[in-house]
Amino acid sequence: MKILLFPIALLTGSLAIAQQAPAPAANDTVKGNAKEIEAVTLVARKPTVESKIDRTVFNVANSAILAGNTTWDVLRMTPLVSIDNNDEVKAEGQMVTVYINDRKSVFTGKELKEYLKTIPADNLMKIEVITSPSSRYETSGSVINIVLKKRDDEGIKGSISLNNRQSTKNSQYTNFNLNYHKKRFTQTFIGGYNSGNYVQKTQTWDNRYATNKLTQFNLENVMRNESPSISSTSEFELNDKNNIGFVAEYSQSRNLSLSESNGMIFNNGEPGDSFLQTQNTWGFNRNLGTNAFYKYYDKEKNRILDINLGTNYSSNDNDNLIDKQIHNQTGSSNQQLGVISSNQMRNYYLKVDYTQPLGKSGGTMEVGGKTEINNHVIPNSLYGFSMNDSNSEFYNLARNDTFHYEDNLSSLYVNYSKTFFKKLETRIGVRYEYIDYKVRQDVAGTERKDSYGTFLPNLLLKYNFSEKFDLSLTYNRSIWRPWYSEFNPFLVPEINGTYSRGNLYLNPNPNDRLYLKLGILKKYFISARYMHTNQDYWTTYVTENGRTVSLPGNFDGKVEKYYLFANTNQNFLKNKLNVNAGFGWYYINNKDFNQKNDLRGKDYISYWGASANVSYTNLFNKNINLSAWVELANQNNGNSYANNTNVFHNISVTKIFPKTQMELSMQLMNIFKRPYGDNTTYSPDGTFREYSKWDWYGVSLTFVKRFGNQKVKENTKTDVEKNGGGGK
């Protein structure tokens, strides 16, 4: 109960302060307005990529890179961001928390991918990669904030887009957005329907040390996905200072996956049993989110009160049927197993944020808090004739049980920002989080209860030597908590011959980061990062009853990461040609980590990374836009090491017809070399190597029809948020 009272008390106090706080001096008001005017005049001239103290901003509004893409596709092309073959989003190689319009997403992994694929890229304003978030964020390392366009002109306006994409198979995407604005009321609808077909080919090598056993698999997975979605945003301005609104989002996807694999077991180098396994998976996912908000914003006094009350619900129904044929010297046998699961996730939250200048000192204080309740249920039911066969490898699996995860997470934070001597910008903050959670199984009776609180400090310093040179330093302590599904203990067969399950006894991972950045001429940036942790949890492989099982495991041991990066953004030919390029060097010290966990992996890892975005606007004055993106990427995480360096690339050309408000685009994806993943995971039991060819290649054509005035504006933020990185 005490935890629930934190934000309620904060809400009451914030409302009182918002209405009663004294106004700053007249000079302060004039200065604030001057900064606002300056920010507005620069909107039309923003570079494609901006490098700020604590974040990198990818300004994609009106960019040719949006044509024919979903938000998920553009996220792939965002500087500093990488996505692995398990659909995990990372920034500078680290896991991230994703926000959409400053609202934390409850989805991760494949759930997040499916949701972002329902949002057409045409609605994107920018993507912020916040590598040093303030205490305002529910930090789990870095933050990615996806900002959608806010249309503000009178009347009805919108667009509809039709896309056809040819990779290994053909896919179609249809998206629309509709906006109505009249005086103080704004209503927006966004919808889409995607029908996608994907093919993935994978090879695996599973090597167990103790028995000198090698299992090799070749598999092909053909997936079909149908995903309709719709979202509604209603906003009403009560007066110049008070807004209320309501957001509702719904998406669903129907999935069908047909997989076939064949494998061979080698014992001491000699061939043994061989396998042929087919797997048919049917799935139906639903996501529903609601958010009611109230915002008080006094532009003259630079005070903001933001209150959000919301819910999130998702369900995932799956029926997975596995047929397996085993061939050995004594003959053949057939086995069959079906797995039915119906996951349900419920999230309820209240969030309060307040920002206010402090008198004549020039400082700004931010305070806030949040409380949320999560209730997740995962039933698990098995069927098939092999369930009653004592000779079957499926015989002793848990047949019918239900897994529950419940938690209450509450937090309070405070940030203080101030500029000294007109040259030194500072921000200091701390966040306190307290979680009380419980995991349990109905039939097995296994249960775990735990609770803990943690302080997460952060510091930001920026010194402006002149208008052309500045140096900034940030420090963050963050904690990454396990996702609810990572606790799920049910053992499930995978198509690659292994099994997977969660781990009831996972612990969180705290880490410290230090970040130094030098800005030169406002165009060149050199940065260095240091990250340190003494414990972590990663995917590992263990042997249980003769099975190879993948699961998240706790790892003790020191890991140190060093990172150097150089970036520049340039405009040429009267701002028609924009070039952003970055080049980085990474170094990881895993020696202590490997020795304490007996991983036999690489003690030291060194590799390069680079990316570039190039765009040309109005080629030959014929309303033709060109864009290209290329990335040099490695994926090294914890006990998993990359065996290859991928070169991703994307080229697009867009023809605009201004009179009819139509666009026609062609996009070429990885046409010179198809990307593939190749990594090896080390565990005390052995190694697991996976080589997979991704289906992110080919060509797509997109037609867009717009209507109405397409003028947009950014969501208004305080000067501290815009310039000092202190925003939500």
Side-chain angles (χ1 to χ4, degrees), residues 2-11 13-14 17 53-55 91 94-99 102-106 128-145 304-308 347 349-356 358 363-374 407-418 426-437 450-461 473-482 507-515 531-533 717-718 720-721 724-728:
K2 291 181 179 180
I3 299 171
L4 292 171
L5 290 176
F6 285 168
I8 296 174
L10 181 65
L11 170 59
S14 298
I17 295 173
I53 304 176
D54 64 340
R55 68 192 66 191
Q94 299 299 307
M95 302 294 287
V96 301
T97 301
V98 175
Y99 283 66
D102 296 320
R103 185 161 60 94
K104 181 183 177 183
S105 172
V106 295
E128 299 175 316
V129 184
I130 308 170
T131 49
S132 297
S134 74
S135 296
R136 191 168 191 167
Y137 286 95
E138 301 161 63
T139 178
S140 298
S142 297
V143 168
I144 292 177
N145 184 34
I304 296 179
L305 172 63
D306 199 358
I307 303 172
N308 289 267
N347 167 263
Y349 65 89
L350 169 65
K351 188 172 187 290
V352 181
D353 302 288
Y354 181 72
T355 303
Q356 177 184 316
L358 294 183
T364 300
M365 181 72 74
E366 294 179 288
V367 295
K370 181 181 179 181
T371 186
E372 65 177 308
I373 298 173
N374 291 285
D407 77 25
N408 177 206
L409 175 61
S410 293
S411 60
L412 292 171
Y413 74 87
V414 59
N415 285 322
Y416 178 71
S417 305
K418 186 176 180 179
T426 66
R427 184 193 72 202
I428 185 169
V430 65
R431 184 182 185 91
Y432 177 76
E433 296 185 347
Y434 184 87
I435 186 171
D436 184 356
Y437 67 94
D450 203 353
S451 61
Y452 57 89
T454 183
F455 284 95
L456 303 171
N458 74 83
L459 174 68
L460 181 150
L461 301 172
L473 172 70
T474 60
Y475 163 76
N476 284 80
R477 180 168 177 81
S478 63
I479 185 168
W480 186 264
R481 293 186 178 87
N507 294 317
N509 170 40
N511 61 80
D512 297 276
R513 298 182 180 191
L514 198 62
Y515 193 37
M531 194 278 284
H532 172 272
T533 184
K717 294 186 176 182
T718 65
V720 173
E721 293 175 309
K728 10 189 254 190

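Only heavy atoms go into these numbers, but all of them, side chains included; no hydrogens, no water, no symmetry mates.
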Q: Output, in order, the C-alpha distance, side-chain angles, deciding distance and verdict of side chain to side chain contact (heavy atoms under 4.5 Å, CB included) for T371 and N408.
A: CA-CA 7 Å; T371 186; N408 177 206; 3.4 Å; yes

Q: Indicate yes or no for a side-chain donor-acceptor contact from T533 to the backbone of P510 under 3.5 Å, with no hydrogens or angles considered.
A: yes

Q) Knowing that exactly one of N476, T131, L460 qualifies, which makes a side-chain contact (heavy atoms from CB on, under 4.5 Å) with Y515? A) T131

Q: Begin from the C-alpha positions of E138 and Y413 and carry the test side chain to side chain contact (heavy atoms under 4.5 Å, CB included) through to its verdict.
A: CA-CA 10 Å; E138 301 161 63; Y413 74 87; over 6 Å; no

Q.
Holding to side chain to side chain contact (heavy atoms under 4.5 Å, CB included), I want the full list of residues that pass it with T426, two or more places apart in sequence or in another chain.
A. K418, F420, L424, L461

(Q) Please verify the inter-ring angle class for Y452 with Y437; under 30° counts as parallel, over 60° as perpendicular, anything in between as tilted. (A) perpendicular

Q | Side chain proximity check, L305 to V352, heavy atoms < 4.5 angstrom | A | yes

Q: Begin from the C-alpha positions of R477 and F455 and carry the test side chain to side chain contact (heavy atoms under 4.5 Å, CB included) through to its verdict.
A: CA-CA 8 Å; R477 180 168 177 81; F455 284 95; over 6 Å; no

(Q) Restricting to side chain to side chain contact (heavy atoms under 4.5 Å, CB included), what partner residues turn up for S105, sequence neighbours left out? (A) F107, L112

Q.
Measuring only between side-chain heavy atoms, which start at C-beta, is T454 closer than 4.5 Å to R481?
A. yes

Q. Which residues pass the salt bridge (charged side-chain N to carboxylate O under 4.0 Å, His left out) test with R431, sequence neighbours left out?
A. E433

(Q) Hydrogens and angles aside, do N308 and Y349 bring a side-chain donor and acceptor to less than 3.5 Å of each other? (A) no

Q | D54 vs R427, side chain to side chain contact (heavy atoms under 4.5 Å, CB included): CA-CA, chis, key distance, verdict | A | CA-CA 11 Å; D54 64 340; R427 184 193 72 202; 3.7 Å; yes

Q | Donor on one side chain, acceptor on other, R513 and S142, under 3.5 Å | A | yes

